[in-house]
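What you see is a predicted model, and the numbers here were worked out from it, not measured in a lab. Counting begins at 1 with the first residue of the sequence.
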Amino acid sequence: MNVRRRSSAAALAAIAVIGAAAPAVAADPSPSAPSGKSGGTDGLYGSADPQYDGVWRQSLALLAQDTAGVIPSSSAVKWLTDQQCDNGAFAPFRADPAKACDAKTMVDTNSTAAAVQALWAVGGHGDAVEEALGWLKSVQNADGGWGYTPGSPSEANSTSVVIGALAATETDPGTVKKGGKSPYDALLAAALLCAGDGGAFGYPDQDGKPVANADATAAGVLGALGKGLVAEAGEKTADATCTASDEPTREQAAANGAAYLAGALAKDGHLTSALGGSAEQPDYGNTADAVVALAAQGGKDKAAKPLAWLEKNAAKWAGESGPAAYAQLILAAHATGTDPRDFGGTDLVAALNATGPAPQGVSAEDSATASDEDGKAQKDQKDQNEDGDSGFGVWWFVGVCLVFGIGIGFLLSGRTKKQQP
């Protein structure tokens with residue numbers, strides 16, 4: 001939910017939601033200088049403008065650290081909790097959290113759902129999680145799904161993020177209903193036919209017509225499987241094929257989506273994008289998402305080709321794009337059982353840690369040293385990255401605008417596992 005983005009219909013829709021063209025966010029990933037003001041960038045990962053992706057970026061960073069056994073800095077976690085509105089929702093970024101949210105505060109399901117998953121993972125924030133889940137449930141659409149903003153039409157990306165948040169907090173998404181409809185009902189409505197669309201999940205174009213979209217499909221596969229942003233490899237299955245059905249099951253919809261992704265990746269091992277009418281270029285963020293989806297649906301072997309491509313080519317992109325990009329690669333490594341500390345020769349964990357406050361047990365000096373060493377490794381790799389020349393961290397910004405949402409209503413205060421500080 002970072003800008004993995006592209007010229008896809010999903011990206012265009014996200015841009016329309018926020019009412020502005022996507023900013024170029026090939027971020028300087030160095031740690032942000034403390035602002036000295038409540039709600040500034042002190043504690044935030046990355047130094048790029050957080051207006052569109054601050055909460056999303058921070059949430060992915062915390063989730064990635066957690067999967068790698070890293071205990072985040074308390075200041076990083078506090079930055080995220082300080083962003084929450086009194087009603088439980090999160091906006092992409094609030095410059096002054098001391099100022100109460102109002103009708104003009106652009107809260108959204110994606111930021112809120114991602115924050116839920118991150119805060120649940122790090123533990124000790126049950127009240128914040130419960131309030132966020134309550135808000136998400138309150139804005140669930142009548143078809144059982146969610147759009148990016150409250151009241152907007154349901155779509156696969158946001159509904160899947162929501163499902164991920166529910167699943168992460170130990171709630172069965174199928175029990176969270178509005179008008180008798182669950183998130184799975186809304187998600188299956190976005191599953192396209194095998195004929196013509198190859199079993200992809202659709203994302204609405206400018207006319208509201210769902211069109212096959214790799215980003216929506218990667219999210220949809222995870223959502224249909226009831227998985228969140230952090231996913232492990234599923235049981236090994238035969239190569240996925242698209243099986244036609246007027247009413248596919250969740251499992252079949254996930255298999256169909258995986259078949260679509262496998263076909264899109266077959267030629268080059270990566271997905272492509274052509275943002276703003278520019279020439280096609282490798283889409284690193286979506287490729288990382290596809291790795292997670294393929295591994296979750298059919299085992300790590302299904303993601304071997306795109307994973308190998310990322311290991312060879314993605315370090316330079318991550319270095320230019322910042323913490324969310326490192327986090328996505330760490331989550332791809334996690335889903336496939338790959339060592340994130342030696343990902344094509346790059347220590348992704350050290351590189352991510354170096355973009356923000358040093359984690360607990362890691363000195364700032366060690367973090368800076370790791371960043372210097374990773375920068376050298378990326379420079380040495382530059383000549384090897386034949387396809388690794390994408391300047392867009394666009395993945396960033398649109399990711400924030402599209403990727404994941406939530407809804408639920410269980411009191412979590414009794415779930416001590418994730419609430420004890």
Side-chain angles (χ1 to χ4, degrees), residues 1-2 27 29-101 105 107-108 110-135 165 168-169 229-230 322-324 326-327 349 352-364 367 400 412-413 415-421:
M1 296 208 103
N2 300 307
S30 59
S32 304
S35 66
K37 298 179 181 179
S38 174
T41 56
D42 188 15
L44 174 66
Y45 285 90
S47 59
D49 185 348
Q51 180 179 358
Y52 300 111
D53 79 329
V55 167
W56 181 263
R57 177 202 310 179
Q58 195 80 346
S59 298
L60 258 66
L62 297 179
L63 282 168
Q65 288 181 324
D66 184 69
T67 66
V70 174
I71 301 176
S73 164
S74 58
S75 66
V77 177
K78 185 177 185 301
W79 185 92
L80 182 58
T81 57
D82 283 351
Q83 290 290 308
Q84 189 172 30
C85 296
D86 289 342
N87 66 357
F90 284 79
F93 175 66
R94 295 169 58 208
D96 184 8
K99 181 180 179 181
C101 297
T105 304
V107 296
D108 67 84
N110 290 210
S111 297
T112 305
V116 164
Q117 295 183 56
L119 294 176
W120 183 261
V122 301
H125 299 281
D127 289 344
V129 168
E130 180 181 335
E131 291 167 4
L133 291 174
W135 179 82
T169 53
L229 295 171
V230 177
Y326 282 122
V349 179
L352 171 61
N353 293 346
T355 67
Q360 296 183 43
V362 177
S363 69
S367 183
V400 101
L412 304 176
S413 58
R415 298 179 182 178
T416 57
K417 175 185 176 183
K418 289 294 182 179
Q419 292 188 18
Q420 293 176 358

Query raised in the report: Do Pro359 and Ile71 come close enough that some side-chain heavy atom pair is under 4.5 Å?
Result: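 The answer is no; the side chains never approach within 4.5 Å.
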
Query raised in the report: Going by heavy atoms in the side chains, are Gln58 and Phe90 under 4.5 Å from each other?
Result: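 The answer is no, as the side chains (C-beta and beyond) never meet within the 4.5 Å cut-off.
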
Report task. State which residues pass side-chain contact (heavy atoms from CB on, under 4.5 Å) with Cys85; sequence neighbours excluded, sorted by chain then number. Result ->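 Once residues adjacent in sequence are excluded, the partners of Cys85 under the side-chain contact (heavy atoms from CB on, under 4.5 Å) criterion are Asn87, Arg94, Cys101, Thr105, Val107.
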
**Report entry** For Ala118, all residues meeting side-chain contact (heavy atoms from CB on, under 4.5 Å), sequence neighbours excluded
**Finding:**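 With neighbours one apart ignored, the set is Ser59, Leu62, Leu63, Leu80.
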
Indicate the atoms forming the closest heavy-atom contact of [X] with [Y], along with that distance.
X      : Y      : value
Ala128 : Leu119 : CB-CD1, 4.2 Å
Leu44  : Gly54  : CD1-O, 3.9 Å
Val77  : Pro72  : CG2-CB, 4.1 Å
Tyr45  : Ala76  : CE1-CB, 3.5 Å
Val55  : Ala115 : CG1-CB, 4.1 Å
Gln83  : Pro97  : NE2-CG, 3.8 Å

Test side-chain hydrogen bond (donor to acceptor under 3.5 Å, both in side chains) applied to [X] - qualifying residues, sequence neighbours left out:
X     : value
Gln84 : none
Lys78 : Asp82
Ser73 : Ser75

**Report entry** Pairs satisfying salt bridge (Lys or Arg N to Asp or Glu O under 4.0 Å), at least one member in residues 68-77, at least two apart
**Finding:**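 Output for this query is empty, none listed.
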
Report task. Please answer whether the main-chain N or O of Ala48 pairs with a side-chain N or O of Arg57 as donor and acceptor at a distance below 3.5 Å. Result ->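 Present.
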
**Report entry** Spatial distance of atom CZ (Phe93) from atom OG1 (Thr41) [nearest 0.5 Å]
**Finding:**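 It is 7.0 Å, given to the nearest 0.5 Å.
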
Requested in this report: Would you please test Gln65 and Val122 for side chain to side chain contact (heavy atoms under 4.5 Å, CB included) and show each step?
Outcome: CA-CA 9 Å; Gln65 288 181 324; Val122 301; over 6 Å; no

